[in-house]
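Notes follow once the structure below has been shown.
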Amino acid sequence: MSSECRRVREMLPLALLGEMESGASRRMEEHLVRCSDCREEADRISRLLGRLAAAEVPDPGPAYWNSFLPRLKGRIAREGIPRALPPAGNRWAVAASVALLALAAATSLSLRPSPERGSRLALERLAARSDPQALHQALEELLPGTDLSRPAGVSAGGDTPGPAELQRAMEFLFPPDEDDISGAVSDLSRQARRLLLRTLRPDRV
Amino acid sequence: MTSSPDRNERDLALVRRFQAGDEHAFGLLVEEHRGEIYRLAFRLLGNHADADDLAQEAFLRSYRSLARFRGDSAFRTWLIRIVLNLAADRKKRLGSRRLVPLQEIPEKDLPRVPFQGTVREEALHRAVRELPPRQRETLVLRIFQEMRFQEIALVMGCTVGTAKANFFHALRGLRARVQGRFPGAS
């Protein structure tokens with residue numbers, strides 16, 4: 001196989017999908033006119049792409065589609081999913097406050113804050129760049145009445161959530177990338193917020 | 001299936017209505033995208049139960065997060081990204097459950113029910129599911145969701161070159177699997 005044939009074959013899928021520049025596409029067409037091996041290869045790939053595109057997913061039927069939205073709404077109502085968002089300017093500070101709460105809780109209970117070092121570092125970065133006043137305000141918003149300047153004592157017994165419970169709350173807080181962390185607060189369920197509050201301020205719940 | 005500017009604008013208008021408190025707008029977004037999201041989930045996971053679960057979960061996740069959607073990308077692209085993330089999480093949770101290579105399954109054992117297509121069509125779906133995750137996702141997004149490589153790169157957080165490379169590898173892997181099962185069928 002010549003080097004030109006190799007180049008053409010590498011580019012065939014792109015050409016067949018119409019994602020090639022016109023100049024390169026014209027050169028390829030010229031090659032295909034004079035090379036029967038590459039033409040056959042183009043036919044094979046074209047057939048494969050055609051079969052793939054034609055492979056349908058079985059339709060689950062009208063009853064399924066009719067129930068899709070009502071089921072979804074039912075879950076939203078049952079799970080009490082919040083849809084509100086803290087004011088945009090405050091979002092990073094709120095995320096940072098959540099990060100601090102989570103880190104404090106995790107440290108106190110000797111839990112690793114995250115199985116992924118990247119997430120932990122991202123949280124630490126978030127916490128480090130937050131403005132103390134904004135953080136305080138955000139914390140008030142998230143957990144009304146909580147005073148950041150007086151970190152609460154944490155006890156490992158009594159009403160304090162167990163590691164498994166806390167781990168569930170932590171899973172809300174440690175999405176795989178930093179971008180998602182900025183939205184961690186609005187993703188946090190009421191239950192998870194309460195869990196963190198119970199961990200940090202068992203006297204308040 | 002590819003995103004048109006009109007569709008994107010319509011979606012964005014619904015998102016803005018939802019963000020302004022119109023709950024009904026979310027229902028309209030679901031109605032608009034549920035079919036595509038379900039089919040994408042089916043192609044990634046391979047059965048109705050998992051596809052339904054993933055599709056519902058994706059819309060739940062979008063409900064939670066839609067308030068902070070800024071419209072930097074198309075709503076559809078954003079939603080597809082959620083599906084891919086959820087599918088990846090699910091695979092991670094299930095661990096490294098080994099898929100039996102297509103070549104090792106006697107044709108009589110290839111499922112016909114509930115799949116309503118031909119055995120060969122099912123074999124093709126199965127071959128797609130056997131591909132490594134990034135290759136499978138790229139192939140599904142390009143062929144079935146009809147996304148351009150630029151859009152795929154955006155959704156998958158990689159370069160256009162990587163998306164193309166994943167696609168080439170996917171096609172090569174697919175051909176090898178299909179040829180192994182049905183010689184001369186590629």
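Remember, it's a predicted structure, so these values are computed and weren't measured experimentally. Excluded from the calculations below are hydrogen atoms, water molecules and symmetry mates; all remaining heavy atoms, backbone and side chain alike, are included.
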**OP:** Nearest 0.5 Å please: distance from the CD1 atom of Ile143(B) over to the CG atom of Leu48(A).
**Re:** 8.0 Å

**OP:** Would you check if Arg142(B) and Glu19(A) make a side-chain contact, meaning some heavy-atom pair closer than 4.5 Å?
**Re:** yes

Original post:
Do Pro58(A) and Phe42(B) have side-chain heavy atoms sitting under 4.5 Å apart?
Top reply: yes

**OP:** Return yes if some donor-acceptor pair links the side-chain N/O of Arg34(B) with the main-chain N/O of Phe68(A) below 3.5 Å, else return no.
**Re:** no

**OP:** Under the side-chain contact (heavy atoms from CB on, under 4.5 Å) rule, what do Arg71(A) and Asp52(B) come out as? Steps first, then yes or no, please.
**Re:** CA-CA 11 Å; Arg71(A) 282 191 298 127; Asp52(B) 172 52; 2.8 Å; yes

Original post:
Measuring heavy-atom distances to chain A, does Ala51(B) have an atom under 4.5 Å in its side chain, in its backbone, in both, or in neither?
Top reply: neither

Subject >> Leu17(A) portion near chain B, given a 4.5 angstrom heavy-atom threshold >> reply: both

Subject >> Residues Glu79(A), Leu60(B); criterion side-chain contact (heavy atoms from CB on, under 4.5 Å); working and verdict >> reply: CA-CA 10 Å; Glu79(A) 295 175 23; Leu60(B) 273 184; 4.1 Å; yes

Original post:
Side chains of Phe167(B) and Leu14(A): closer than 4.5 Å at any heavy-atom pair?
Top reply: no

Subject >> Proximal component of Arg172(B), with respect to chain A [non-hydrogen, under 4.5 Å] >> reply: neither

Subject >> Distance, nearest 0.5 Å, that separates CG of Leu52(A) from CG of Leu171(B) >> reply: 7.5 Å

Original post:
His48(B) and Pro60(A): which non-hydrogen atoms are nearest, and at how many Å?
Top reply: CE1-CB, 3.8 Å

Subject >> Portion of Leu66(B) that has a non-hydrogen atom of chain A nearer than 4.5 angstrom >> reply: neither

Subject >> Under 4.5 Å from a heavy atom of chain A, the part of Phe26(B) involved >> reply: side chain

Original post:
Can you say whether the rings of Tyr64(A) and Tyr38(B) are parallel (under 30°), tilted (30 to 60°) or perpendicular (over 60°)?
Top reply: tilted

Subject >> Whether over 12 other heavy atoms sit under 6.0 Å from Arg27(A) CZ >> reply: no

Original post:
Could you go step by step and tell me if Lys164(B) and Glu10(A) meet the side-chain contact (heavy atoms from CB on, under 4.5 Å) rule?
Top reply: CA-CA 11 Å; Lys164(B) 285 179 181 172; Glu10(A) 275 173 18; over 6 Å; no

Original post:
Below 4.5 Å, heavy atoms only, C-beta onward: do Leu40(B) and Val57(A) meet side chain to side chain?
Top reply: no

**OP:** Check the pair Arg175(B) / Ile45(A) against side-chain contact (heavy atoms from CB on, under 4.5 Å), numbers first and verdict last.
**Re:** CA-CA 9 Å; Arg175(B) 285 180 71 183; Ile45(A) 294 179; 3.7 Å; yes

